[in-house]
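The structure under discussion appears below in the form of structure tokens.
Side chains included, hydrogens not; waters and symmetry mates left out as well; all remaining heavy atoms used. Whatever order the structure lists ligands and atoms in, that order sets their numbers, starting from 1. From a predicted model like this one, the values you see are computed outputs, not experimental measurements.
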Amino acid sequence: MRRILIVGAGQSGLQLALGLLAHGYDVTVMTERTPDEIRAGRVTSTQIMMPSTVALERPHGLDLWREQCPPIPRAGFTIPGPDGTPVVNWLGELGGAQSVDQRLKMPGWMDLFVERGGNLVVHPVAVSDIDWYTRNYDLVVVAAGKGELVSMFDRDHEKSEFTLPQRQLSVAYFHGATPRPEVGHDALHVNAIPGAGEIIMFPGLTLTGACDIILLEAVPGGPLDVFQGVRDPDEHWRIMQELVRRFAPWDYDRISEAELTDPMCVLAGGFSPVVRRPIAELPSGGLALGIGDVLVTNDPLSGQGSNNAARAADLYLSAIVAHGDRAFDRVWMQELFDTFWDRARHGVKFSTTLLGVPPEHIQMLMGAGNDNPAVCDAIMSAFDNPAQFEEFFYEPEKTMAFLKEVGAV
Ligand SMILES: Cc1cc2nc3c(=O)[nH]c(=O)nc-3n(C[C@H](O)[C@H](O)[C@H](O)COP(=O)(O)OP(=O)(O)OC[C@H]3O[C@@H](n4cnc5c(N)ncnc54)[C@H](O)[C@@H]3O)c2cc1C
């Protein structure tokens, strides 16, 4: 039986581990925190999963929260003009995204992994450990997110656009939000405030049941970038409510009476988007393969991270099974990543564009959504398959041709 070690128990590591178990592999997951520690810990993400990636979990019996998690069938943009009133305001079809708090999901999957016969070792892994493990396992996959193990993987300068965070992030989970009038409670709203950043609000599921979540994406140094040094969760929440009142007042009444779900449900910080080379060579000559955020880290604004992690886990699973008893050598690892990158590059391109100032043709496209549902649906469904943005988003000529095709101009 082939022995596979996965370092890290997040979306990519656990999804791959559970898939490999189902195919009869001897799988060990090493990770730094127990399920109870994760449940009692701080939120780690806002983890919106798109319909196509939720669908990847279903055949493996991993969508354990389908009944409890409020679905997100629709999503859209509200963009204020210079006087602060919305000039863009629409929703498109998202097809059933969902957000299950990783503090609920990952411990649930860890328990399931053990129940199904997996070997779970709670042990923080150092780079020096990996060298030894590459001699004792047929394959070592590093699924350790943005932690220190990324230092094993070289930055790919050609594929990486940024060296600094493009947004400062702050997050809060809360109970007691009311629906947007005339819209309802099931939509994701991106309030894009020109020059300041985005205030994104959507329903999710946390440890204490259904909730709502705000992900605030502040342009560094701008008026939303005010969470440094804020330690008290209640103060964090008061600041966030005040920012909503100032910059997205149409959503303020929705959250003015809402309360945090728990003391660990707020988060603030930032990281630079980056792409890394997929293979780490250890001093003894052993090789380790990266996956998920270790290799491709996007700003959460584009909602690609967990989705990329899930797609990578699915692709790696198929490739490992198809490879049979042959050695997992450098050529195999590189080819696997290249296949993954062929899709992930679209998410990186979209993310990079979204982080910049929108050019005129994108402003026109967003405005066209006010009167044309086909525009809204095309934009929102492409979040699930960013390759589709090639057809209408990046080049003014293609945007115009698309707008003509759907009767928007
Ligand atoms: C604020 C915020 C909001 C986000 N919102 C979204 C969103 O809405 N949609 C979306 O798609 N993505 C979102 N993301 C990104 C998403 O959370 C990540 O891309 C995704 O979780 C990556 O999965 P992963 O498996 O690569 O790593 P992770 O989920 O980070 O898992 C890494 C695992 O490795 C373990 N680990 C780390 N170091 C070690 C070590 N040395 N030894 C042992 N174990 C270790 C960790 O404990 C963890 O279990 C968001 C991220 C942030 C920060």
Name the closest protein heavy atom to [atom], giving the residue it belongs to and the distance to 0.1 Å.
| atom | answer |
| --- | --- |
| atom 31 (O) of ligand 1 | Gly10 CA, 3.4 Å |
| atom 5 (N) of ligand 1 | Thr46 OG1, 2.7 Å |
| atom 41 (N) of ligand 1 | Val125 O, 2.9 Å |
| atom 26 (O) of ligand 1 | Asp293 N, 2.8 Å |
| atom 11 (O) of ligand 1 | Ser306 N, 2.8 Å |
| atom 50 (C) of ligand 1 | Ser45 OG, 3.1 Å |
| atom 36 (N) of ligand 1 | Glu32 OE2, 3.5 Å |
| atom 21 (O) of ligand 1 | Gln102 NE2, 3.1 Å |

Can [X] be said to sit on top of [Y]'s aromatic six-ring, NZ or CZ under 6.0 Å from centre and within 45° of the ring axis?
| X | Y | result |
| --- | --- | --- |
| Lys349 | Tyr394 | yes |
| Lys398 | Phe392 | no |
| Arg2 | Tyr25 | no |

Does a donor on one side chain and an acceptor on the other come within less than 3.5 Å for [X] and [Y]?
| X | Y | result |
| --- | --- | --- |
| Asp299 | Ser351 | no |
| Gln47 | Ser306 | no |
| Ser272 | Arg155 | no |
| Glu57 | Gln11 | yes |
| His236 | Ser170 | no |

Run the numbers for me: atoms of ligand 1, each under 4.0 Å from some heavy atom of [X], listed by number.
| X | value |
| --- | --- |
| Pro300 | 2 (C), 3 (C), 4 (C), 5 (N), 50 (C), 51 (C), 52 (C) |
| Gln47 | 5 (N), 6 (C), 7 (C), 8 (O), 9 (N) |
| Ala309 | 23 (O) |
| Gly303 | 9 (N), 10 (C), 11 (O) |
| Gly292 | 26 (O) |
| Pro124 | 42 (N) |
| Thr31 | 35 (C), 43 (C), 44 (N), 47 (O), 49 (O) |
| Val171 | 1 (C) |

| task | Return yes when atom CD of Gln228 has more than 12 non-hydrogen atoms of other residues, nucleotides or ligands closer than 6.0 Å, and no otherwise. | result |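 Atom CD in Gln228 is packed in, count exceeds 12.
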Is the shortest N/O to N/O distance between [X] and ligand 1 below 3.5 Å?
| X | value |
| --- | --- |
| Ala9 | yes |
| Ser12 | yes |
| Leu169 | no |
| Gly305 | yes |

| Pairing of Arg254 and Asp251 as salt bridge, 4.0 angstrom limit |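 Judged by the 4.0 Å cut-off on N to carboxylate O distance, Arg254 and Asp251 do form a salt bridge.
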| message | Residue-level breakdown please: for Glu148 versus ligand 1, do any non-hydrogen atoms fall below 4.0 Å on the side chain, on the backbone, on both, or on neither? | response |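 The answer is neither.
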| query | Counting only N and O atoms by type, is there a donor-acceptor contact under 3.5 Å from the side chain of Asp384 to the main-chain atoms of Met50? | reply |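 No: the side chain of Asp384 does not pair with the backbone of Met50.
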| task | Go through Asn191 and Trp250 one step at a time and tell me if the side-chain hydrogen bond (donor to acceptor under 3.5 Å, both in side chains) criterion holds. | result | CA-CA 10 Å; Asn191 297 300; Trp250 47 88; 2.8 Å; yes
| said: Under 6.0 Å between ring centres: does that hold for Phe389 and His346? | reply: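 Judged by ring-centre distance (under 6.0 Å), Phe389 and His346 do not meet the cut-off.
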| ligand 1 contact by Gln11, heavy-atom criterion under 4.0 angstrom |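 Contact check Gln11 vs ligand 1: positive.
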| task | Please verify whether a non-hydrogen atom of Thr44 lies at under 4.0 Å from ligand 1. | result |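 Yes.
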| query | Taking the six-membered ring for Trp, are Phe383 and Phe77 parallel (under 30°), tilted (30 to 60°) or perpendicular (over 60°)? | reply |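 Rings of Phe383 and Phe77: tilted, as their planes differ by 30° to 60°.
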